[in-house]
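Structure first, commentary second.
Every value quoted in this text rests on a predicted model; they were computed, and no experiment measured them.
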Amino acid sequence: MTPLLRPLPLATALLGSLLFSMTGLSAQAAPIKNLPADPDAVFSVGANIRYEKTPYNTDGGDFSVLPGLFYDNNKVYARGNTFGAYILNDGTHQLDAFAQVAGNSFNPEDAEGALAGLDERKWTGLAGLSYLQRTPIGGLRAQIATDVAGRSDGSVARLTYLAKFTDDKLTVYPSIGVEWNDSNYNEYYYGISDEEAARTGLPSYSPGSSLNPYVSVSGMYDFNDKWAGFASQTFDHLSSKQYESPMVKPDHHFDSKTTLGLLYKF
């Protein structure tokens, strides 16, 4: 298992620059005071249906049913497949430790030809740190995390701009950002080992680290006081290190995820 705090040049720079900014702001202003726990925080639970059009050269896309949880009482939170606890939260600056389900899935039974002889790739679990700074025009978030499920022993980092638009019963959250994956993470999801190459006849492939942009929009619509609908669409543009993998469809540069869900609010 890869240590969480191992040297990550780009990831450390992304998170470190924002943490430095936060430190400078707090030094110039009054001491940061964490928000108290919100006793009226709403807990929502439901189910999501997700369709992922993966870049892998397989038949069709992947459908999955996932639980949907949403809760935030200023101390702990749940947002879909992400769970966290705040280390600092004054309403403007948020630093938290989080865990989430991430990655792709590749089932060789859905592939044809030599790809059918490859090993399966599965979703994994990431754990790390996230820092969000809210501004009048949106939020800027930096994250760094490592694979704690032992799938890839890799690490990822993200830098994201987020916004929020509310109109009566509808709330929309658009975001845009970049994600960095280290070579271990890409090796698991896009690489072909020497053993797999010998078994299948495919060329071995060892991608390095990558930097890829992504855009996402999600929304919540309150049907009434108890029921709400949830929808999300995400597009990831693969880097050359990823789409040049023999596992990926020719000229397929995107990973698309569509999620629809229904939530009950307690």
Problem - Heavy-atom closest pair, residues D236 and K257 - result: OD1-NZ, 4.1 Å
Problem - Residues S256 and Q233: side-chain donor-acceptor under 3.5 angstrom - result: yes
Problem - Minimum-distance pair of heavy atoms, taken over all atoms of L262 and F223 - result: CD1-CE1, 4.0 Å
Exercise for the section: Indicate, with yes or no, if F266 and F83 share a hydrophobic cluster defined by side-chain heavy-atom contacts under 4.5 Å among Ile, Leu, Val, Met, Phe, Trp and Tyr. Expected result: yes
Problem - Residues, nucleotides or ligands: over 12 heavy atoms within 6.0 Å of N224 CG - result: yes
Practice task
If the plane angle is over 60° it's perpendicular, under 30° parallel, otherwise tilted; pick one for F254 and H237.
Solution key: perpendicular
Problem - D225, CG: over 12 other non-hydrogen atoms inside 6.0 angstrom - result: no
Exercise for the section: If the plane angle is over 60° it's perpendicular, under 30° parallel, otherwise tilted; pick one for Y71 and F43. Expected result: perpendicular
Handout entry: Residue list, side chain to side chain contact (heavy atoms under 4.5 Å, CB included) with A197, at least two apart or on another chain
Key = I192, S204
Handout entry: Heavy-atom pair with the smallest gap, counting every atom of A111 and A116
Key = O-CB, 3.7 Å
Problem - Close side-chain approach of Y131 and H93, heavy atoms under 4.5 Å - result: yes
Handout entry: Cation over ring face, R79 and Y77, 6.0 Å, 45°
Key = yes
Handout entry: Non-hydrogen atoms of M247 and G191 that approach each other most closely
Key = SD-O, 3.8 Å
Practice task
Would you indicate whether the side-chain heavy atoms of F98 and Q143 approach each other to under 4.5 Å?
Solution key: yes
Problem - Side chain proximity check, D96 to I87, heavy atoms < 4.5 angstrom - result: no
Practice task
Give a yes or no on whether a salt bridge exists between D119 and R199, defined as a side-chain N under 4.0 angstrom from a carboxylate O.
Solution key: yes
Handout entry: Check ion pair K249-E244 (N to O, under 4.0 angstrom)
Key = no
Practice task
Can you see which heavy atom on Y188 is nearest to which on S152, and at what distance?
Solution key: CB-CB, 3.4 Å
Practice task
Return yes if a side-chain donor-acceptor contact under 3.5 Å exists between Y56 and H252, otherwise no.
Solution key: no
Problem - Aromatic ring pairing F63/Y51, orientation class (parallel under 30°, perpendicular over 60°, tilted between) - result: tilted
Problem - Interatomic distance, N212 atom CG to Q242 atom CD [nearest 0.5 angstrom] - result: 5.0 Å
Exercise for the section: Measure the CG-OG1 distance between N107 and T58 for me, rounded to the nearest 0.5 Å. Expected result: 8.5 Å
Practice task
Return yes when atom CD of E195 has more than 12 non-hydrogen atoms of other residues, nucleotides or ligands closer than 6.0 Å, and no otherwise.
Solution key: no
Problem - F106-Y189 aromatic ring centre distance below 6.0 Å - result: no
Fill in the blank from the handout: Note: Y185 and S155 closest approach over all heavy atoms is CB-O, 4.1 Å
Exercise for the section: Working to the nearest 0.5 Å, report the span between CG of L66 and CG of N81. Expected result: 7.5 Å
Practice task
Please determine, by modelled atom types, if S216 and Y173 share a side-chain donor-acceptor pair under 3.5 angstrom.
Solution key: no
Practice task
Would you check if L202 and E196 make a side-chain contact, meaning some heavy-atom pair closer than 4.5 Å?
Solution key: no
Handout entry: Distance (rounded to the nearest 0.5 Å) between N89 CG and N74 CG
Key = 5.5 Å
Problem - ring pair (Phe, Tyr, Trp, His ring centres under 6.0 Å) assessment of Y190 paired with Y243 - result: CA-CA 8 Å; Y190 297 99; Y243 66 69; 10.0 Å; no
Practice task
May I ask you to test the L159-V178 pair for a side-chain heavy-atom distance under 4.5 Å?
Solution key: yes
Practice task
For D182 and S209, test the side chains for any donor-to-acceptor distance below 3.5 angstrom and give the result as yes or no.
Solution key: no
Exercise for the section: Output all residues satisfying side chain to side chain contact (heavy atoms under 4.5 Å, CB included) with P67, sequence neighbours left out; order by chain, then residue number. Expected result: none
Problem - Interatomic distance, K122 atom NZ to N104 atom CG [nearest 0.5 angstrom] - result: 15.0 Å
Problem - Check ion pair K265-D222 (N to O, under 4.0 angstrom) - result: yes
Exercise for the section: Decide yes or no for E52 and D255: does some side-chain heavy atom of the first lie under 4.5 Å from some side-chain heavy atom of the second? Expected result: yes
